[in-house]
Structures are given as structure tokens and as C-alpha cells.
Engineer: 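Supplied in C-alpha cells, the structure appears directly below.
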Amino acid sequence: MKPFSKFTPGMLAPLSAVVLGTVLFLLDPLPLQVLRNAVFDQYQRWHPRTYQPAPVRIIDIDEESLKRLGQWPWPRTRVAELIERLQKAGAAAIGMDIVFAEPDRTSPKAMSAAWNLPDDLRRRLEGIPDHDEILAQTLRRGLVVLGFADQREGSERPLPARPFRVVFSGEPPLPFLHPFSNAITSIPLLESAASGNGAMTFIPDTDGVVRRVPLAIRLQDQVMPSLAAESLRVAQGQRNYIVKTAAQKGTGVQEIRIGGITVPTTPQGEIWVYYTRPVPDRYLPAWKVLADKVPREQVEGHIVLVGTSAQGLMDLRFSPVGTIIPGVEVHAQALEQIFTKEYLMRPSWAGAIEALVIVVGGLGLGIIALATQALVSAGVTAVVLSACGWGAWRAFTHYGLLLDPVTPAFALLLTFILGSVIHHMTSERRQRWVREAFSRYVSPNRVEYLVDHPDQLELGGQRRECSFIFTDLTGFTSLMEKMDPGEAVSILNTYLDQMITIAFRNGGTLDRIVGDAVAIMFSAPVVQPDHRLRAFTCALEMHAFATDYANDLNATGVVFGQTRIGIHSGEVIVGNFGGSTMFDYRALGDVVNTAARLESVNKHLGTLICVSEATLSGCPGAVVRPVGSLILKGKSESLMVYEPITASGDDGSVPARDIAYETAFGLLRQRNPDAGEAFEQLARQRPGDPLVWLHLERLRAGEEGDILIMEEK
């Protein structure tokens, strides 16, 4: 058996967990993205952006506007009227979250072509101004931004109008922006009349939630601004965008300058939208604008975005705060936080910090999990995970930073689990090695008890009722003198191994081995309420084995002696005795000495097993016959002793219950004169029964009663 090694290959598991966590961090699989986004969403639910008045309003084509003014699409003249009223109210810019992709079907020319009309009526209709032309005239008055819808697939279309200029600072940003192949734009007449043209595109995550809004996209080989960015540019009366990429090549966009406003972005040119709870004040119903029921100060100097919240028009989006909002509100909230400079940022160094936590924290937790108890390592892990969560939460609430607690927490937890498993397996292996090693010297139940109760490895003892078996092998010394030592040791080892196995099988604790003798105790260290019965049963099994083993050896010519057994029960002091250098688990008390003396008196009584009345009190149904009340040498009180009925003479003639012997012994105990005749008759019937001859010889010598005074040990 090899001793336990402090290092095992399994200890590399925590390091493997750190490596796995780092790989997962680098690969960033979809499940981790979903968990991370869920945490970021929860942050916004717990701590949404506080709404602050900003020069942004939504002109809402809501359900009430459709009810009052008719279903969508409205005639372009009505749209022109809406825009004109906003222009007159002093709007800084008007962003249309609407695509006018086809000519107005309600225009007079379109109506005349669709209907079968008289020629004069057709000419009169064709003379009425075209609705699209009326809208174009309104757009030419300025400050209006049209929207276009981007597509990743489909047939190639002409690029949208570009009434702006994009300047690059650093390497070209095209490889980093979200790519699109074509766009659905408004008709050329309207596009050419508008002051701006922006993408209405959102890039929802896999769960459909809109968390980021691009300020710029890649359309074929051109950089195109978003509707929000174009509205902000037009409101400032500027023409240029400056897209700045990071100094380190290949790391993406760093910021976008729109006129006089610089907006920090993600490497893909997006901004994280920091949502507020629903705020009715940012909405103005379209019907109120057309009815001239909106105060001028609510529009003047504001960027107004025209969109719809009507469910039937299908422009509703999922937000991180758990609400469904119109798409136009996403643009509006992005503009609000640009004005108030309340940005959410996932800084470029966030990944490095998270990787550092994974590596350093993982290795630390792995070492702790391997070196300490499970409760300690679990506590440390809980503290570290709480610190990660608290740090990420504080970074969000105080600095608007988005730090990922999910991937580091997953890696750290995985490291703790693997470390704890390895620690548990190592501890189990160590304990198993201790059991296997010490079980060769100490009783297995003693080893199990010490493993489960290491606190018991202390000096001291306690009083307890226990039972004891002492055995001795007759004639083995002379056998050793006659046999080869190696052969004699082999025979003895086989004998002792089986005797001890029987003891262990019955729950006994090996107290000691002295030469060919063994001492077994019961109810220590583990309390056994039935210790008397266990000891009695164990002794009978030992006797049966020893008898068969001796007979088998004798048949081969090896003279192997008989085994004598003594059993006694009573109160003793059990515990660890010794000193700081060495101590031993023992039972001390007169009961132990008495059990040893009972084994010894067998040779004077002619018996092989002597069991005390104290032991038999816990063995109901035991078949025994009385030996007598023994006064052991050095003792003043007698001890009633019995012989199990199976331990009869060599002729095996004793019945299951020895009624004849019990009758003769009863006469002996009563000092009846007929006792002599009774034992004389038994002696004639059982010439090989040692107990019968013992009492007969006593009676012949003039002794009376059942008290036997032992002059020798």
C-alpha cells in the first residue's frame, strides 16, 4: 500500500476550469451573451435612467389620431400639413420615422388614372397639384429628415441620398459597422427635397430586445447615419460627421462627432440605450398638432420625431426594462441621453478586467477549495461572487459602466465546484488510505469512528457498559519449538486472521493481540446496546472455527491445540490512555481482568468457554449449563459462571439442554446428599464430560455446594 501523495493529477482540474472559463470568455457563446444581457437588463429595471427634460419630442400617430383623421397611410397633403405646423412652431429638426417608398395613391393624377372618368373631369383632376409635390415643397423649407429601411438581402437598389459628408479619423470604420446590402428609401422626389436622410434600423439581440442603436451603418461601401444622428446633425445646421476609430488598429470605432457633439460608441458604432420608465410628457399626439392644440414651447427648439404607437402599424419593440415601446421612442431616448450625456458604456478595458478576475480569482478559489474545508471555501466563493456582483452593480449605478459579472461568476463557480470535488475525492482517498492502513493494526469500527469523530483523538476516558472476550491457544509454544518457524507463523496467522474476522463481523473491536491470544471488546468505541449478545454469539463462532481448524490440522499430523475463551460484561472506563508521545485506546477496570481470568480458569475446569452471568443477562434464549460460583484468586466475591451447551465434551453426547446435569447441579447447590449419586450416574454415562468429573471429584473429596475457590489464575 502506497501512502497518500499530496499532489495528484486531479488537482489540475481547477486550473482546467480557469482555462475553460477563459476560453468561454474569448468565444463568448450565445448562452453567455443571453445571460449577460439579462443581467444588464435587470440593472436597468432596478436603476432606470431618470427622465430629465431634453429638447426631444415624439409626434405620435396614435390610435386616437387614426380614429379622428382616418386610417394610415394618410394623404401626403396631411403629412405636409403636419410638417408645416411643426416648422412654423420652431422645431429644430423633424425626423420622419416613416418611409414614403411609393407615390401617394390618393393624388389626383393617380385617382384619374385608376378611375374611368369623363375626359373633362380627368383634365380637371390632373390640373390639381400632386400630393407628393406638395409634400416635397414642404420638405424644401428645410429641417426635415427622412428615414430609410435597411436590408441585408434582396435585390440591389440605388443608395439613399447623402446630403451629408462623413470624415474618417484613423483607419476606415467600414469593417466594424453593421453591414447591409441595400435600402428601401422614399421616392426620389421627396429624398431630394429633404434636409437629411437616416437609417431607421435597429439591431435587436437574439431575444428581440433593442439594447443598442447604431449611429452609423455600412450600406454597401458607404457609411450612412441613423435617423437619430441625422436629426441631431440637421438640428445643429451642420454637414459633417467625423467617425473616429481607436488608436489601436483593429479595435473598431471609438466615437462619432455630430456637428459640435461627440458621442462615445461601441466598436460597431452603436450606443447602449439607457432607458427610462414610461414618460407621457415626451409624446404629443399628431391630431393635436394638426388641430393646433399643442403649445409652441413644447415644439420650439426641439428635435421632433414623427412616428406611431398604434399597434396595427407594427412598429413596437421590446425594451430592457420589460416594456413594449414604439420604435420611434428608441430613437428619442437615444437622443435624450446624448443631450444629457448619460451614457451606458462597455469600456474597452472591461474585457481585460473580466479576464483578470477569471484567471486570478479562479486560481485563488481553486487553491482555497483544494486546501480548506468545504464550508470555508464555499464561504470564500460566496464572498468573491458577491464582490463581483457588487462591483458590476456599483460600476453601473455610479459610472454607467457595463461590466459582465456572468462569465467571471460562471468560471469562478466552476473552479470552486471542481476544486471542491477534487478536495472531497482527495479527502476520501486519504481517509480510505488511513482506514486501510490502520485497519491492519486497529479494529475497522475503531478506524471508522475516528474518521467520523476526529475530536475523539484526545487523552481521556468515560464510563461505559462493555463486554469482553479473551482467547488463548493451548500448546502453541511447544508447537513452535517442533515446527519450522515460517510454517508455524503461517498457521498462526491464518488462525488469528479468521478469529479477528469473526470478531469484526460481529461488531467487535480488537483490543490487542498477544502472541496467539486475542482480546475483543464490544460497545466501544461505538455504543452497542446488544453488546452482551454480540459477545456471546462471537464467542460461539470463534469456538466453532477453532475446533474445525484444529481438527483439520490434526488430521494432517500437525498437533494444534484447543482454544479457550472467557466472556464477561460490566462497567469499565474506555478512552485514550498514554501521553503526548503515544497513546492507546483501551478499556480499564476489573471487568477486563475478570474476562481474562475466565479464559484462564478453563484449563482448571476442563471447559473451553466460560461466560459470566453478567453477560448472559443480555442473551435471552442462550443454552448453557452452570459451572458454579467461582471465587477467582485474589477476589472475595463469587462470580456465577456458565458453559455454553455447544462447548460440551469431546464425545459430543450433550443434548440441546442438559436436563440431567442441571438436576444434579441443583442438588449440589442445595448441598443435598443425593448430589454424589447423581454425579456418579452422570460420570458413568459421560466419561468424557470434564464438568461432571470436576464436581464428582469435589464431592468425593468432601466438598459441598456450588462455590469453587480458584487457587490459581
Side-chain angles (χ1 to χ4, degrees), residues 49-62 65 79-98 135 137-147 163-164 193-198 200 213 215 225-242 256-263 271 273-276 278-309 325-343:
R49 178 170 61 88
T50 302
Y51 177 75
Q52 300 179 38
V56 180
R57 286 287 185 272
I58 297 171
I59 306 303
D60 188 12
I61 303 173
D62 57 1
S65 297
V79 176
E81 180 184 0
L82 177 65
I83 294 174
E84 185 176 359
R85 288 184 181 276
L86 294 172
Q87 289 171 332
K88 289 180 179 180
I94 304 168
M96 303 297 294
D97 191 27
I98 301 169
L135 178 57
Q137 290 176 4
T138 304
L139 297 180
R140 291 188 189 101
R141 296 189 183 102
L143 305 178
V144 180
V145 178
L146 295 182
F164 49 80
S195 301
N197 205 15
M200 303 183 301
V213 172
L215 293 183
S226 69
L227 179 64
E230 264 294 76
S231 300
L232 185 59
R233 180 189 68 81
V234 170
Q236 298 177 83
Q238 300 291 323
R239 184 169 182 239
N240 294 338
Y241 291 95
I242 301 176
I256 297 177
R257 185 176 180 84
I258 307 170
I261 298 176
T262 300
V263 183
I271 62 171
V273 183
Y274 193 1
Y275 288 89
T276 68
V279 178
D281 288 349
R282 63 165 59 101
Y283 282 87
L284 298 174
W287 71 268
K288 285 189 176 183
V289 176
L290 290 169
D292 202 19
K293 292 185 177 182
V294 174
R296 180 183 177 88
E297 61 270 14
Q298 293 190 5
V299 176
E300 187 175 17
H302 288 65
I303 295 175
V304 293
L305 301 177
V306 180
T308 179
S309 64
I325 62 175
V328 66
E329 184 178 329
V330 179
H331 294 296
Q333 294 219 37
L335 284 170
E336 287 173 3
Q337 67 187 72
I338 290 174
F339 279 119
T340 60
K341 299 186 182 302
E342 291 186 77
Y343 297 111

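One-based numbering along the sequence shown.
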Engineer: Using the side-chain contact (heavy atoms from CB on, under 4.5 Å) rule, pick out the option among Ile94, Val289, Val304 that qualifies with Val299.
Structural biologist: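 With Val299 as partner, side-chain contact (heavy atoms from CB on, under 4.5 Å) holds for just one option, Val304.
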
Engineer: Determine yes or no for a side-chain-to-main-chain donor-acceptor pair under 3.5 angstrom, with Gln87 supplying the side chain and Gly142 the backbone.
Structural biologist: yes

Engineer: Would you indicate whether the side-chain heavy atoms of Lys341 and Phe339 approach each other to under 4.5 Å?
Structural biologist: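 Of all side-chain heavy-atom pairs linking Lys341 with Phe339, none is under 4.5 Å.
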
Engineer: Does Ile61 reach the side chain of Ile98, with side-chain heavy atoms less than 4.5 Å apart?
Structural biologist: yes

Engineer: Just by distance, do the side chain of Glu336 and the backbone of Glu342 share a donor-acceptor pair under 3.5 Å?
Structural biologist: no

Engineer: For Glu329 and Gln333, test the side chains for any donor-to-acceptor distance below 3.5 angstrom and give the result as yes or no.
Structural biologist: yes

Engineer: Measure the OH-OG1 distance between Tyr274 and Thr50 for me, rounded to the nearest 0.5 Å.
Structural biologist: 7.0 Å

Engineer: Just verifying a value: how many Å separate Ser226 OG and Ile271 CD1, rounded to the nearest 0.5 Å?
Structural biologist: 7.5 Å

Engineer: How close do Arg257 and Thr262 get, counting heavy atoms only, and between which atoms?
Structural biologist: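 Taking every non-hydrogen atom into account, NH1-OG1, 2.8 Å.
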
Engineer: Do Ser309 and Asp62 have side-chain atoms, one donor and one acceptor, less than 3.5 Å apart?
Structural biologist: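 Note: Ser309 and Asp62 side chains miss the donor-acceptor criterion.
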
Engineer: Using the side-chain contact (heavy atoms from CB on, under 4.5 Å) rule, pick out the option among Ser231, Pro225, Pro163 that qualifies with Val145.
Structural biologist: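 Among Ser231, Pro225, Pro163, the one that satisfies the side-chain contact (heavy atoms from CB on, under 4.5 Å) with Val145 is Ser231.
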
Engineer: Report yes or no: do Glu230 and Tyr241 form a side-chain donor-acceptor pair below 3.5 Å?
Structural biologist: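 Note: Glu230 and Tyr241 side chains meet the donor-acceptor criterion.
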
Engineer: Would you say the side-chain atoms of Arg57 pair up with the backbone N or O of Arg282, donor to acceptor, closer than 3.5 Å?
Structural biologist: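 Not confirmed, Arg57 side chain does not pair with Arg282 backbone.
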
Engineer: Output the distance between atom CG (Asp97) and atom CD1 (Ile59), rounded to the nearest 0.5 Å.
Structural biologist: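 Output value for this atom pair is 12.5 Å.
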
Engineer: Roughly how far apart are Ile256 CD1 and Leu215 CG, rounded to 0.5 Å?
Structural biologist: 5.0 Å

Engineer: How many angstroms lie between OH in Tyr51 and CD in Gln337, if you round to the nearest 0.5 Å?
Structural biologist: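 Answer rounded to 0.5 Å: 13.5 Å.
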
Engineer: Do Gln238 side-chain atoms and Ile258 backbone N/O form a donor-acceptor pair below 3.5 Å?
Structural biologist: no

Engineer: So, taking the atom named OG in Ser195 and the one named CZ in Arg141, what distance separates them when rounded to the nearest 0.5 Å?
Structural biologist: 12.0 Å

Engineer: Could you pull out the closest heavy-atom pair between Met200 and Gly147, with the gap in Å?
Structural biologist: CG-CA, 3.8 Å

Engineer: Are any side-chain N or O atoms of Thr138 and backbone N or O atoms of Glu84, one a donor and one an acceptor, separated by less than 3.5 Å?
Structural biologist: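 Absent.
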
Engineer: Examine the side chains of Arg49 and Thr276 and answer whether a donor and an acceptor come within less than 3.5 Å of each other.
Structural biologist: no

